[in-house]
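For reference, the structure is listed below as structure tokens.
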Amino acid sequence: MNKTVKELQDHFRQLRLAETSEELPQLLREAEKSSWTYLEFLEAITSFELNKRETKSIERRIKWARFPYYKTLQEFKVEEQTALTDRQLAQLQEFSWLEQQYNLILLGPPGVGKTFLAIGLGIEAIQRGFQVYFVTMGELIHLLKSQEFTHKSQVQIKRIQASDLVIIDDLMYMAMDQREANLFFQLINHLYEQSSIILTSNKSPDQWTELMGDEGITTAILDRLLHRVEVIHMEGDSYRMKNRQHVF
């Protein structure tokens, strides 16, 4: 039975293939022009639909990640800093560290590219199929404190816990009280060896105790964060925590 193009388009839409439905006339013209075989035509249709779905999936995950701005690693100027070599940046882009739940700590004063690098890695991780969430430390503390009575905060915390990579920006820019430190520890403990974390901070880990107040909680947090980690100082050479496993 012969079908019109419009009828076929309706069938595609009923099958939830709206993008392919819109593209069908063009695909048919190309098939006729290039004398495609049936197999080539089916391959063109399925490839088009899969590519569109992947593009939409990436767009959804980018939105889900809540990046403050969109900056890719292609825009990151390796030659303008000494913390990373081209080879080391290429290693990070392989994401074996993410697959093995390694953490990254990016240290340095404002304006040296910590957040830029973290976002660039996050965007590329999404393009590789990973789930990513970006949050500032101030926002995170608010979410943790309000999740008991705010549905919106509950949703965001669940998204953080479900992510493959969590980026926490401006860690330790403000002091925590004991309750806040406890809530932060509970989250880090939940993510431990389940997700990777990128932290940006202008204070080194040996200064965190004075901001968290509780030495025991700080030690427990550091024990989990620094188990498998690369600490990169954005003003100088990348350095490693003694007796730890490393990315490079």
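Just so it is clear, the model here is predicted, and its values are computed rather than measured.
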Provide the closest heavy-atom pair for [X] versus [Y] in the form atom of the first, atom of the second, distance.
X: Ser196; Y: Trp97; result: OG-O, 3.7 Å
X: Ala125; Y: Val132; result: CB-CG2, 3.9 Å
X: Arg224; Y: Ile188; result: CB-CG2, 4.1 Å
X: Asp164; Y: Leu98; result: O-CD1, 3.4 Å
X: Lys203; Y: Leu107; result: O-CD2, 3.4 Å
X: Ala44; Y: Leu27; result: CB-CD2, 4.4 Å

Near [X] [atom1], under 6.0 Å, is it more than 12 heavy atoms from other residues, nucleotides or ligands?
X: Glu193; atom1: CD; result: yes
X: Glu32; atom1: CD; result: no
X: Gln194; atom1: CD; result: yes
X: Gln178; atom1: CD; result: no
X: Glu148; atom1: CD; result: no

In the structure I gave you, are the side-chain heavy atoms of [X] and [Y] within less than 4.5 Å of one another anywhere?
X: Leu183; Y: Ile141; value: no
X: Leu84; Y: Leu117; value: yes
X: Ile160; Y: Ile157; value: yes
X: Trp208; Y: Leu225; value: yes
X: Arg66; Y: Val135; value: no
X: Leu92; Y: Glu230; value: no
X: Asn103; Y: Leu199; value: no
X: Tyr192; Y: His227; value: yes

Do NZ/NE/NH1/NH2 and the carboxylate oxygens of [X] and [Y] come within less than 4.0 Å?
X: Arg61; Y: Glu54; value: yes
X: Glu19; Y: Lys56; value: yes
X: Arg128; Y: Glu124; value: yes

Using 0.5 Å steps for rounding, measure from the [atom1] atom of [X] to the [atom2] atom of [Y].
X: Lys158; Y: Tyr133; atom1: NZ; atom2: OH; value: 13.5 Å
X: His190; Y: Ser195; atom1: NE2; atom2: OG; value: 7.0 Å
X: Glu23; Y: Leu28; atom1: CD; atom2: CG; value: 10.0 Å
X: Tyr70; Y: Thr72; atom1: OH; atom2: OG1; value: 6.5 Å
X: Thr200; Y: Leu171; atom1: OG1; atom2: CG; value: 7.5 Å
X: Ile232; Y: Leu89; atom1: CD1; atom2: CG; value: 9.0 Å

Kindly work out whether a path of hydrophobic side-chain contacts (I/L/V/M/F/W/Y, heavy atoms less than 4.5 Å apart) joins [X] to [Y].
X: Phe149; Y: Val155; answer: no
X: Tyr38; Y: Leu24; answer: no
X: Ile45; Y: Leu50; answer: no
X: Leu42; Y: Phe48; answer: no
X: Tyr69; Y: Val112; answer: yes

Checking [Y] against [X]: is there a side-chain donor and acceptor pair closer than 3.5 Å?
X: Gln9; Y: Arg13; result: no
X: Thr136; Y: Asp170; result: no
X: Ser34; Y: Glu30; result: yes

Residue pair Asn182, Ile217: steps toward the side-chain contact (heavy atoms from CB on, under 4.5 Å) verdict: CA-CA 7 Å; Asn182 269 304; Ile217 291 176; 3.4 Å; yes
Flag, side chain of [X] to backbone of [Y], donor-acceptor distance under 3.5 Å:
X: Glu180; Y: Asp177; answer: yes
X: Thr55; Y: Asn51; answer: yes
X: Thr219; Y: Glu215; answer: yes

Mind telling me whether Phe41 and Trp36 have parallel, tilted or perpendicular rings, with 30° and 60° as the class edges? tilted
Whether Phe76 and Phe116 hold their rings parallel, tilted or perpendicular, with breakpoints at 30° and 60°: perpendicular
side-chain contact (heavy atoms from CB on, under 4.5 Å) between Leu187 and Leu140: does it pass, once the steps are laid out? CA-CA 10 Å; Leu187 176 65; Leu140 178 59; 3.6 Å; yes
Using side-chain contact (heavy atoms from CB on, under 4.5 Å), reason through Thr20 and Phe12 one step at a time and then give a plain yes or no. CA-CA 7 Å; Thr20 301; Phe12 275 111; 3.9 Å; yes
Can you tell me which residue among Leu106, Ile198, Ile105, Asp169 is in a side chain to side chain contact (heavy atoms under 4.5 Å, CB included) with Lys114? Leu106
